[in-house]
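Reviewing the structure listed below.
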Protein chains: 2
Amino acid sequence: MALDTTDLSILNKLQANAQLTTKEIAAAVNLSVTPVHDRIRKLERAGYIERYVALLNRKKLGKSLVVYCNVTLDKQRKESFEEFNAAVSRLPEVLECSVVSGSFDYLLKVIANDVEAYNAFYQQNLSVLQSVLHISSFFVMSEVKSTTEIPI
Amino acid sequence: MALDTTDLSILNKLQANAQLTTKEIAAAVNLSVTPVHDRIRKLERAGYIERYVALLNRKKLGKSLVVYCNVTLDKQRKESFEEFNAAVSRLPEVLECSVVSGSFDYLLKVIANDVEAYNAFYQQNLSVLQSVLHISSFFVMSEVKSTTEIPI
DNA sequence: GTTGAAACCGGTTGTCT
DNA sequence: AGACAACCGGTTTCAAC
């Protein structure tokens, strides 16, 4: 499926504010409501739009701490990757987990209430994994930017 | 403002799927539509819900590459932080930027079409900054997990 | 792709308990 | 705070152009 500039404009509006009505988007792209509605359905069905979510305020919910951690796995054990991937997927504190190039294997973004809570999480959920060889934690001191918007 | 378990349950539903109707949420938390509606408005006004967005499929939009980069600033120059913060905020390719503890200063999450496009971005937008002393890039080879949902 | 009409559904408001 | 009824607005589908 090929996207034209109108589709891209619609996606851009929706990733900034999913509450816009079809009417408002229609006005912005100079179309009537019907074709805009059809395009949005099409973009959803084709998978360009994955889902609609509410973004919550982390700090207000007590999750003041963000930690990025670098994890190196024990690559002697061939089950290590599957084990680690499965474990991480189950942990709600882990918001992002990627396999990266370079000197370590994984980069994780973890949130916790405070340093103490992070330490408990680290001890009980990460360091106990057989697959884990080494972990370095980097604490976020200040968030300069954080967006889910993909440049279009 | 204090949240009870019903409020938390509502937030949890909405951060998973913002398209749920008040009616559906009401059924899930065993209330009628009106109080659920009031609670959601209250949670929005109090800032627990920051916004509603559509999450797009990065890869379908051509942004196949995710790069995390560690940036060290020239701390001799006292304008460095302001300059770097301002620059990063303007760059749409930078989805996340945090000041971190440890051996480097910033951790950035950047997306690009491919390695070539990343290199162009890097050369033209990051390495030219006076404030930047050193950058290490880590390419994401596989995304194991990526969510915006805060554990509640 | 546009327009207009109609059915539908959820959000919204006011009122009552 | 919850339930109920009435109203309003947007969405959705359809037909005609």
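In the text below, chain A, chain B and the rest are named by the order of the sequence lines, each starting its count at 1.
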Check your understanding: K42(B) has an atom NZ; how far is it from atom P of dG11(C), in whole Å?
Key -> 18 Å
Review point. Thinking salt bridges, do K109(B) and E96(A) make one under a 4.0 Å N-O criterion?
Key: yes
Point to revise | Separation of atom CD1 in I10(A) from atom P in dG1(C), rounded to whole Å | key: 9 Å
Review point. Which nucleotide in the set dT12(C), dT2(C), dG10(C) lies at the smallest distance from any side-chain heavy atom of S32(A)?
Key: dT2(C)
Revision key, fill the gap. R39(A) CZ to dT11(D) C1', in whole Å, measures 18 Å
Review point. So does T22(A) get a side-chain nitrogen or oxygen closer than 4.0 Å to the phosphate oxygens (OP1/OP2) of dT11(D)?
Key: yes
Practice item. For V36(B) and for T34(A), find the nucleotide of DNA chain D with the closest heavy atom, then tell me which residue's nucleotide is more 5'. Key: V36(B)
Practice item. Grab the CG-C1' distance between N30(B) and dA1(D) for me, whole Å please. Key: 15 Å
Revision key, fill the gap. Rounded to whole Å, the CD1-P distance (I40(B) to dG2(D)) equals 13 Å
Review point. Salt-bridged, R39(B) to D4(B), with N to O below 4.0 Å?
Key: yes
Exercise for review: Look at R41(A) and dT11(D) and indicate whether a side-chain polar atom (N or O) is within less than 4.0 Å of OP1 or OP2.
Suggested key: no
Exercise for review: Give a yes or no on this: more than 12 heavy atoms of other residues, nucleotides or ligands lie within 6.0 Å of atom NZ of K23(A).
Suggested key: no
Practice item. With the side chain of H37(B) defined as its heavy atoms from C-beta on, choose the nearest nucleotide among dG11(C), dC4(D), dT2(C). Key: dG11(C)
Check your understanding: If you take atom types as modelled and just measure distance, does the side chain of T21(B) reach the base of dC9(C) with a donor-acceptor pair under 3.5 Å?
Key -> no
Review point. Looking at the rings of Y52(B) and Y52(A), which for Trp means the six-membered one, are their centres under 6.0 Å apart?
Key: no
Review point. Atom CD of Q19(B) to atom C1' of dG10(D): distance rounded to whole Å?
Key: 14 Å
Revision key, fill the gap. To the nearest angstrom, the CD-C1' distance between E24(B) and dG10(C) comes to 10 Å
Exercise for review: Determine whether the aromatic ring centres of Y68(A) and F139(A) lie less than 6.0 Å apart.
Suggested key: no
Practice item. Starting from C1' on dC9(C), measure out to NZ on K23(B) and report it in whole angstrom. Key: 8 Å
